[in-house]
Amino acid sequence: MFGPHVTGPVVSSPAVIGTVLAEGANGFIGHSALIIGFAACLFAALGLVAATTTHNPRLLRAVQSYGWLALVGAVLAITVMVRALVTRDWSLAYVQKVGSYDTPALFNFTAVWSALEGSILLWLLLLAIYTAVIMRRYRHRMNDPIVAWALVVMFVVTAFFFFLALGPTDAFRAAGTPDFSRCCKGPNPLLQNHVLVLFHPPILYLGYVGFTVPFAFAIAALVTGRVGEGWLVETRRWALFAWGFLTLGIILGGWWSYEVLGWGGVWAWDPVENASFLPWLTGTAYIHSVMVQERRGMLRVWNLSLLVATFSLTILGTFLTRSGVVNSVHAFSDSTIGPFLLGAFGVVVAVSLGLIAWRGDRLRSPGAIDSPVSREGAFLANNVLFSLFAFVILLGTVFPLIVEAKDDRKIAVGSPFFDTMAQPIGLVLLFLMAVAPALPWRKASAELLRDRLFWPAWCGVATLAFAVAVGATGFAPLLAFGLAGFAAGSALRQLVLATRRQGYRGLLGRTNGGMIVHLGIILIAVALAASNSYTRSGEFTVAKGETIEFAGHTFTLVDLTDFTTARAVGIKAEISIDGGQAYAPAISKFIANGMDVATPSVKTGFTKDIYLTLENGSKPSTGVAKIKIFIKPMIVWLWIGGVLCAVGTVLAAFPGRHRRRPTDAVSAGIDLTDAPVASPKEVADV
Amino acid sequence: MSRAASLKRWPGWVLLVLVVAGLLAVGSTRDAGARTPEERVEEISKQLACPVCNGETVYESRNPSSANIRAEIKAQVTTTDATDDEIIAYIVQQFEAKTQLVPKASGFESLVWVLPAGALVCACVGLFFSFRRWRRNVDTVPDDADRAKVEAALAAEPLTEVDEP
C-alpha cells in the first residue's frame, strides 16, 4: 500500500550514544526530587498530627515548609523528565520508551504523560499543586483541626503517589545502551497526531485529582466529629472546580476520539472512558445532593458516601487504566502498579466506611423530606438515577473480569449493552432536569407546578413538533428531543426570572450558573441522541475523477496521492463535496513503529457533519480509493454544549446576590398539616 | 382571570398531552423506509467485537481483520436472505470472532441485566420506606385535636406558682 519506508534521521551514531549515556544527571536529580518530596509529605503529615495534638505553633510552621518542599520535589521531577525528553537522555528507560529524535517539539513535550510512568508524574504534580494551594489558602487556620486533618489526608495521598513514582512506576529508571532498532520510537502515534494531547490529559487529571480536596475535608470532618455543614461550605467551590475540569476533560476526550480515531464517533463505552465517566456520575450526584444538606442539614451520610465513592472511583479508574486488567485502546501496558492501586482503593473504602460507622450518631439528621414533590425530592431522585447509572457502568465494565474469574472464559460487554441501559436513565434524567428547577423546597402544590411548568412544557412540545416536521423518527429519540426542549425551557425560565430581578447577576451563582450547565448538558444529550439515531455511513470504492452520491450529497475523488514527511509516509485523498471545497482524509504509516493512523477530514455544519475517512486498500498507483463517509447530525452542538458547561461552571463559582448561610432558620421543620400551600406568585426560590 | 392564567389551567395541559401523544405517535410509527444494506452492515458490526483489538467493535476498528468481517457482513447482507441474528451467528462461527458485545440474557451472564434492575427496585423500596418514615415524623407535629386536648388539660388544672428554692 505504501511506498518504501524512509529511514529516520541519524540516531545510531556511536559517538552520539556514548555522549548521551554519559549523562546520568537526570536520573539522579529525578530520583532525588521524588525522595525529597516523599519524605516531605510524610514529615508534613506526621507534623500536622503532632501539631494538632500538642498545639505546637512552631511545628505548624515547619509543616508548611515541608509542604512547599513536596511541591518543589514534584515540580523538579517533572521538569527533569521534560528536560530528559528534550535532550533525548537515553540513559532513562522512560525516554527510550516514549522519546525519539523524530518527534516534533510539542509531542516530545506531551510525551511526558504518554505512558504510565510519566502520567503518574503528571498526577503527582497536580496533586502537589492542589495540596500547596490548600495549605496556602488555609495558612492562617492550620491550627483548626478540620483543616489540619484535611491536609494530613492530602499529604498522605500525595506521599502515596510519590511512592508509586519511586517504585512501581519509576520514570527515572536507568536503562542500558539503547537498541535503536527496537526502542526510541516516540509515543504511540495516536498521541502525536492532534494538538488535543496537550489539553485532554491534564484537564481530565485536574478533575480527577481535584476531588481529593473535598474528600480530604470529608475525612477530616469525620475524624474531628464536626460533621455539620461547615466543611461543605469550605469545599463546594473545590468540588465544582474539579467537576468542571472533569466534564471538560471528558468532552475534550470525545473530541479527540472524533478527530483522531477515524471511526466517526465520540464515545465508545471503552473501559477507560467508563473509568472517567464513573466519578463524573457520582460527582454530579454529589453537587446536587450537597444542596439538600446545606439547606436542610440532611443526607449527611449519603453526601459523605458520594464523596468517598467519587474519590475511590478515581483510584479504581486509575487501576483499570494502568494495570492492564481490561482491554482498551487507552489502557497502558501491564505493570506492577495494579496491586498498589487496588490496595489503595480498598484502604480508602474501608477507612471511609469505618469512619462513617464510627460517627454514625453524629451523622443522624433530625430533619425530614416533607414531600417527594419538592426540590429535595427531585435531588433525591436525581441521586438514585446517577448512582444507578454509575452502578450499571461499573458492572458492565468489570463484568468480563468477573466472568473470566468464575468460568475462565472471555466475554465482552460493549456499546449495545451500555446504550440499552443508558437510554432510559438518560430520558428520566432529562425529565428531572425539566421539573426540578421549577420545584420549590419543602413541598409543591399541583397548582404551582401547573403554573411554573406550563411554558417549559410547551417549549418541549415545540421542539418535538419541529423534530417531527424535519423528519425525525423513532420513539426514543423523539422523546429525548421533547424532554430536552422541556428541560431547556425550564432552565431558560429560571434564567429569565433571575436576570429580570438581578440584571447580569442573575447569571451568577450556583443555581443560575447551574442552569447554564443544564443547557450545555441538554445540547450534548440532543447531539448524542441525534447522532446515535440518525448517523448514516457507507463504504465506497471510488476511482479518480469519479463521483458518487450518498445521502443527498455528491462526492468526487479529485486526487489520490502519496506523501512523505519526516515521521511518516501515507496516502491522501482529495474529495470534493457537492462540487465545492475539497476535503483531504489521509492514512499515515508512522515509520518508527509501522502503525497506521487515520486522519479524518470533516465538513462541519450546524445541522450535520460530513466525516470522511480513507480506508486501507486505497492505491494511488491505480487511482482507486476506498473511502468511508459518515453523515452525522448535530455533532457540532456537542462541542457547543461542552463550552456552555464550562461557562456555566465558572459562573456558578461566583457568588450570587442572595447568599444564604446553611445555618439559617429555613432548616427548621414545618407543620405540613395546616401549612398554606405556596401560591404561584411565591417565586422567591425559583 | 388573565388569558395566560386561564391557559395554564388543566385544559391547557390536557391539550398539551394530546399534542405530545399525537406527535410521538406520528413520529415513531411513520415509515422511515427500509433499512439500506449499509445500515444493516453498520448495525450488525456494532454487535461484534473486533477479534484482535483491545475492546473495539468491528464497526469502530480499522484493523484489517475487522475490515474483512465488515466485508463479509456486507456480502451476507447483499447476497443472502439471512436475518441479522443469523449473520451474527455465521460471523462468530466463521471468523471465530472473540465474542458478541451483548451479554446473554440467560445463565450467569444474565446477572449483568438483572442486577441493575434489582438495584433500581431496592432504591425505590428504600425511598418508599424513607418517605414513609419522614412522613410519620411530620405526622407527629401536633394538630388541632392535640392542641385542643392540651388546652382542655391546662384549663382543668391551672398552673400553680412554684416557690423558688
Side-chain angles (χ1 to χ4, degrees), chain A residues 261-263 265 268 270-271 326-329 331 368-370 372 380-381 384 387-388 391-392 395-396 399 403 406-407 410-417 421 450-451 454 457-458 460-461 464-465 467-468 472-475 478-479 482 536-539 596 598 615-617 669 671-674, chain B residues 5 7-10 12-13 16 19-20 23-24 26-28 30-32 36 38-39 41-42 46-47 49 53-57 59-62 64 67 70 74 98-103 108-109 111-113 115-116 119-120 123-124 126-127 130-131 133-135 137-139 141-144:
Chain A
L261 292 182
W263 64 282
D270 176 271
V326 293
N327 288 330
S328 159
V329 287
I369 293 183
D370 310 304
L380 212 52
V384 167
S387 303
L388 180 70
F391 176 70
V392 167
L395 183 67
F399 199 70
V403 171
K406 180 182 172 290
D407 296 342
K410 288 188 181 295
I411 70 157
V413 179
S415 311
F417 168 80
M421 301 301 269
R450 198 179 64 186
D451 183 72
F454 188 77
W458 276 103
V461 175
L464 179 59
V468 172
T473 57
F475 183 77
L478 283 173
L479 192 58
R536 295 189 62 186
S537 70
E539 289 183 74
D596 284 352
E615 300 294 303
N616 290 326
D671 182 352
L672 278 180
T673 52
D674 54 2
Chain B
L7 262 178
K8 291 178 183 177
R9 295 184 70 81
W10 294 120
W13 280 95
L16 183 145
V19 172
V20 168
L23 286 170
L24 282 176
V26 169
S28 58
R30 71 180 163 190
D31 188 7
T36 63
E38 286 81 11
E39 286 168 342
V41 172
E42 190 175 300
K46 282 178 178 172
Q47 309 284 319
C53 317
N54 282 330
E56 290 176 280
T57 63
Y59 174 75
E60 295 156 11
S61 168
R62 297 178 56 80
R70 283 199 299 269
K74 189 171 185 179
K98 194 165 55 183
T99 183
Q100 294 180 40
L101 287 163
V102 187
F108 186 72
E109 284 183 38
L111 277 182
V112 80
W113 300 101
L115 286 177
L120 178 62
C124 291
L127 278 182
S130 296
F131 274 106
R133 182 165 52 83
W134 285 326
R135 187 75 219 171
N137 290 346
V138 170
D139 288 344
V141 175
D143 58 15
D144 288 343

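Chain A is the first sequence line, chain B the second, and so forth, proteins listed ahead of strands; every chain is numbered from 1.
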| field | CZ-CG distance between A/Phe454 and B/Leu16, expressed to the nearest 0.5 angstrom | value | 7.0 Å
| task | Under 4.5 Å, counting heavy-atom pairs only, tell me which of B/Leu24, B/Val41, B/Val19 racks up the most with chain A. | result | B/Leu24
| task | Return the orientation label for the B/Trp113 and A/Phe417 ring planes: parallel under 30°, perpendicular over 60°, tilted otherwise. | result | perpendicular
| said: With a 4.5 angstrom heavy-atom cut-off, is it the side chain or the backbone of B/Val26 that approaches chain A, or both, or neither? | reply: side chain
| Exercise: identify the closest heavy-atom pair between B/Gly27 and A/Val468 | CA-CG2, 4.4 Å
| field | Step-by-step side-chain contact (heavy atoms from CB on, under 4.5 Å) determination, A/Ser537 to B/Tyr59 | value | CA-CA 11 Å; A/Ser537 70; B/Tyr59 174 75; 4.3 Å; yes
| remark: All heavy atoms of B/Ser28 vs all of A/Leu478, minimum pair found to be N-CD1, 3.7 Å
| remark: If one checks every heavy atom of A/Val384 against chain B at 4.5 Å, the contacting part turns out to be side chain
| message | So which residue, A/Gly460, A/Gly265, A/Ala472, ends up with the most heavy-atom pairs under 4.5 Å with chain B? | response | A/Ala472
| field | chain B contacts, top residue of A/Ser387, A/Gly396, A/Pro372, A/Gly538 (heavy-atom pairs, under 4.5 Å) | value | A/Pro372
| note | The interface call for A/Phe475 against chain B, heavy-atom contacts under 4.5 Å, is both
| query | Closest heavy-atom contact between B/Arg30 and A/Thr473? | reply | NE-CG2, 3.6 Å
| remark: Cut-off 4.5 Å, heavy atoms of chain A, and the answer for B/Leu120 is both
| request: Nearest 0.5 Å please: distance from the CG atom of B/Leu23 over to the CG atom of A/Leu479. | output: 12.0 Å
| task | Let me know if B/Val20 has heavy atoms under 4.5 Å from chain A in its side chain, its backbone, both or neither. | result | both
| said: On a heavy-atom basis, which atom in B/Gly12 and which in A/Trp458 lie closest, and how many Å separate them? | reply: O-CZ2, 3.9 Å
| query | Between A/Ile411 and B/Glu109, what is the shortest heavy-atom contact and its length? | reply | CG2-OE2, 3.6 Å
| query | What is the minimum heavy-atom distance between B/Lys74 and A/Glu539, and which atoms define it? | reply | NZ-O, 3.6 Å
| request: Heavy-atom pairs under 4.5 Å with chain A are the metric here; pick the option from B/Pro103, B/Ala123, B/Cys124, B/Ser130 that has the most. | output: B/Pro103
| Does A/Arg536 reach the main-chain N or O of B/Glu38 with its side chain, forming a donor-acceptor pair under 3.5 Å? | no
| Between B/Val112, B/Leu127, B/Val102, which has the largest tally of heavy atom pairs under 4.5 Å with chain A? | B/Val112
| task | Measure distances from B/Phe108 to the heavy atoms of chain A and classify the residue's part below 4.5 Å as side chain, backbone, both or neither. | result | both
| Using non-hydrogen atoms only, which part of A/Leu388 is less than 4.5 Å away from chain B: side chain, backbone, both, or neither? | side chain
